[in-house]
Amino acid sequence: MRNGFTVEELTRPARWEASVSSIRGHEVLATRIPVLDGRISIDGEGQVPERADLSFTPEYKPVSPFSPLAAYGQELFLTITVTIGGRAIDYEIGAFLIDSWEEQTDGTIKVTGVGLLQRVADDPAALPSSPVPGSTLRVEASRLAHPVPVMLDYDVEDVALPRGLAWGTDRLDALADLVASHGLRGVVRNDRQLHLTRTVTGAAADRSYTGKDLAVSLLGRGDHARANVVSVVSREKTGEDETVTVGTSEAGFEPYAPATYGRVHRVEEVEAVHNAAMLNDRAARFLLEETAATRVRTVEVVADPAVELWDTVSVTANNEQITGRVRAVDMPLDGGVMRLDIEEDI
């Protein structure tokens with residue numbers, strides 16, 4: 001979680017100003033370009049979680065591939081400045097790769113930016129690959145995530161990788177598979193690095209919101225979509241021949257026992273080539289995710305630029321309190337109210 005104003009302070013009258021600096025390669029094209037309007041959305045379930053929709057005055061219309069808002073590799077580093085009672089704090093939100101820009105009928109320029117992992121998605125490998133002998137988690141994650149640097153959180157061990165791994169040509173899929181296989185999550189933070197971090201359960205809230213100051217609504221969700229049988233499939237082609245290996249894990253406990261819950265079968269194909277034992281282990285990990293005692297709640301609270309993906313927050317409203325991890329954020333850049341999806345342990 002970023003440093004900044006307290007929750008109570010954010011409920012007071014405030015001025016929000018957003019600006020961007022534009023960088024292309026190692027060249028700074030412009031700094032502190034004011035943002036007229038916009039919002040950011042971050043979805044932790046997406047492979048490229050971050051998106052920014054920003055509007056600028058007509059003077060910033062791109063006129064060449066090297067203009068600050070052109071879509072030729074330019075990255076925008078977004079900063080939100082919040083001023084309350086004469087005190088101003090800069091919140092460094094992070095970098096967004098310009099995906100597109102469009103001139104509007106009123107002359108303003110609308111820019112869409114996406115997270116830096118889009119660079120990995122845009123550059124698949126020419127051929128399938130495998131980790132070099134002796135590779136560790138960080139070394140292989142760095143190879144797959146290039147050009148985005150990788151950092152392991154302090155409690156993540158840089159373990160040696162087992163032999164027999166092989167990836168297809170989709171580097172982002174391979175990276176996601178590698179990270180998930182170690183029970184980790186990947187988050188690109190405002191230092192432009194991909195941080196591999198563990199899921200924190202039962203932690204104290206980094207931020208607490210109450211109905212008095214912040215919470216507008218608590219909207220519950222529930223469904224019968226949790227899988228209780230998971231199969232993981234690996235395919236290896238040698239010439240015209242194909243070898244298919246399958247690992248399966250099935251819930252043998254209530255309330256997900258197939259005899260009473262029914263069979264909800266999740267099938268995952270992985271780019272890596274695994275033996276059956278490794279696939280069974282992967283299936284067991286996926287099953288644990290599916291049957292974990294969690295639920296997702298959608299809340300609306302006062303806009304707070306300190307919140308980051310997977311932070312632990314607490315919200316109290318309507319005599320109900322929930323505590324969980326932030327799985328998605330949708331926030332306007334002019335303050336007001338933001339929307340959070342919170343993954344709650346139950």
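- Considering OG of Ser22 and CG of Leu76, their distance stands at 5.5 Å, rounded to 0.5 Å.
- Looking at Glu9, its side chain does come within 3.5 Å of a backbone N or O of Thr6 through a donor-acceptor pair.
- At distances below 3.5 Å, at least one donor-acceptor pair connects side-chain atoms of Asp206 with backbone N or O atoms of Thr312.
- Side-chain atoms of Phe56 and Lys110, non-hydrogen and from C-beta on, never get closer than 4.5 Å to each other.
- In Glu157, the CD atom is not crowded: 12 or fewer heavy atoms of neighbouring residues, nucleotides or ligands sit closer than 6.0 Å.
- Here the CD atom belonging to Gln47 is positioned 9.0 Å from the CG atom belonging to Leu117, to the nearest 0.5 angstrom.
- A continuous path of ILVMFWY side-chain contacts below 4.5 Å connects Tyr60 to Trp101, so both sit in one hydrophobic cluster.
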Practice problem: Determine, step by step, whether Arg51 and Ser41 satisfy the side-chain hydrogen bond (donor to acceptor under 3.5 Å, both in side chains) criterion, reporting the C-alpha distance in whole Å, the side-chain angles of both residues, the deciding distance to 0.1 Å, and the verdict. | Solution: CA-CA 5 Å; Arg51 177 187 171 97; Ser41 57; 5.0 Å; no
Quiz item: Does the pair Asp304 and Arg207 meet the rule for a salt bridge (charged side-chain N to carboxylate O under 4.0 Å, His left out), with working shown?
Solution: CA-CA 10 Å; Asp304 182 357; Arg207 210 71 153 167; 2.8 Å; yes
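- Residue Gln321 comes nearest to Ser314 through the heavy atom pair NE2-OG, 2.8 Å, listed as atom of the first residue, atom of the second, then distance.
- Between the side chains of Asp158 and Thr136, at least one donor N or O lies within less than 3.5 Å of an accepting N or O.
- In this structure, the side chain of Gln74 engages the main chain of Tyr72 through a donor-acceptor pair within 3.5 Å.
- Contact check for Leu116 versus Arg192: side-chain heavy atoms found under the 4.5 Å cut-off.
- When hydrophobic clusters are built by joining Ile, Leu, Val, Met, Phe, Trp and Tyr residues whose side-chain heavy atoms come closer than 4.5 Å, directly or via intermediates, Leu279 is not grouped with Val229.
- Side-chain atoms of Asn228 come within 3.5 Å of backbone atoms of Gly262 as a donor-acceptor pair (strictly under, hydrogens ignored).
- A 4.5 Å side-chain heavy-atom check between Arg143 and Ser129 finds at least one atom pair inside the cut-off.
- Between the side chain of Arg2 and the backbone N or O of Pro305 there is at least one donor-acceptor pair closer than 3.5 Å.
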Quiz item: Checking side chain to side chain contact (heavy atoms under 4.5 Å, CB included) for the pair Leu69/Leu54: CA distance, chi angles, key distance, verdict?
Solution: CA-CA 11 Å; Leu69 302 186; Leu54 311 171; over 6 Å; no
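- Val28 forms part of a hydrophobic cluster together with Ile23, judged by ILVMFWY side-chain heavy-atom separations under 4.5 Å.
- Panel note: side chain Ser67, backbone Val63; a donor-acceptor pair is recorded below 3.5 Å.
- The side chain to side chain contact (heavy atoms under 4.5 Å, CB included) test with Val111 is passed by exactly one of Asp53, Val20, Ile98, Val35: Ile98.
- Side-chain atoms of Arg198 come within 3.5 Å of backbone N or O of Asp155 as a donor-acceptor pair.
- Residues Phe5 and Tyr91 approach most closely at N-OH, 2.8 Å, considering heavy atoms.
- Here the closest heavy-atom approach between residue Ala14 and residue Ile84 is recorded as CB-CG1, 3.5 Å.
- Side-chain contact check for Val299 versus Ile322: some heavy-atom pair is nearer than 4.5 Å.
- Listed by first and then second residue, the salt bridge (charged side-chain N to carboxylate O under 4.0 Å, His left out) pairs that reach into residues 111-135 are Glu75-Arg119, Asp123-Arg171, sequence neighbours excluded.
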Quiz item: Between Met338 and Val307, is a side chain to side chain contact (heavy atoms under 4.5 Å, CB included) present by the stated rule, with each step listed?
Solution: CA-CA 10 Å; Met338 72 177 178; Val307 172; 3.9 Å; yes
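- Using a 4.5 Å cut-off on side-chain heavy atoms (C-beta onward), Ile42 and Glu308 make no contact.
- Contact between Asp170 and Leu172 at its shortest, heavy atoms only, is OD1-N, 3.1 Å.
- Residues Pro65 and Ala70 approach most closely at O-CB, 3.8 Å, considering heavy atoms.
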Quiz item: Given Ile40 and Val329, is the side chain to side chain contact (heavy atoms under 4.5 Å, CB included) satisfied, shown in steps?
Solution: CA-CA 8 Å; Ile40 56 173; Val329 181; 5.6 Å; no
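- Contact check on Arg325 versus Glu343 returns a salt bridge, with a Lys/Arg side-chain nitrogen under 4.0 Å from an Asp/Glu carboxylate oxygen.
- When Leu137, Thr197, Leu152 are each tested for a side chain to side chain contact (heavy atoms under 4.5 Å, CB included) with Leu184, only one passes: Leu137.
- Placement of Val156 and Val139 in two distinct hydrophobic clusters is found when ILVMFWY residues are connected by side-chain heavy-atom separations under 4.5 Å, directly or transitively.
- Criterion: ILVMFWY side-chain heavy atoms under 4.5 Å apart, direct or through other members. Under it, Val150 and Val159 are part of a common hydrophobic cluster.
- Residues Asp173 and Trp167 form no side-chain contact, since every pair of their non-hydrogen atoms from C-beta on lies 4.5 Å or further apart.
- Between Leu333 and the options Asp37, Ile80, Ile93, Leu36, a side chain to side chain contact (heavy atoms under 4.5 Å, CB included) holds for only Ile80.
- Taken from CZ in Arg266 to OG in Ser231, the straight-line distance is 11.0 Å, to the nearest 0.5 Å.
- Here the CE-CD distance, from Met151 to Gln193, works out to 4.0 Å after rounding to the nearest 0.5 Å.
- The environment of NE2 in His265 is crowded: more than 12 heavy-atom neighbours from other residues, nucleotides or ligands sit within 6.0 Å.
- Across every non-hydrogen atom of Ala328 and Leu309, the tightest pair is N-CD1, 4.2 Å.
- Panel note: side chain Asp90, backbone Thr81; no donor-acceptor pair is recorded below 3.5 Å.
- Here the OG1-CZ distance, from Thr298 to Arg339, works out to 5.5 Å after rounding to the nearest 0.5 Å.
- With hydrophobic clusters built from ILVMFWY side chains whose heavy atoms lie under 4.5 angstrom apart, Ile89 does not share a cluster with Phe77.
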Exercise. Please report the C-alpha distance between Gln104 and Asp106 in whole Å, then the side-chain angles of each, then the deciding distance to 0.1 Å, and finally whether the side-chain hydrogen bond (donor to acceptor under 3.5 Å, both in side chains) criterion is met.
Key: CA-CA 5 Å; Gln104 306 298 293; Asp106 61 359; over 6 Å; no
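- The shortest distance between side-chain heavy atoms of Glu102 and Ile109 does not fall below 4.5 Å.
- Side-chain contact between Leu194 and Leu175 is present, with at least one heavy-atom pair separated by less than 4.5 Å.
- The CG atom of Asp177 sits 9.0 Å away from atom CD of Glu268, with the distance rounded to the nearest 0.5 Å.
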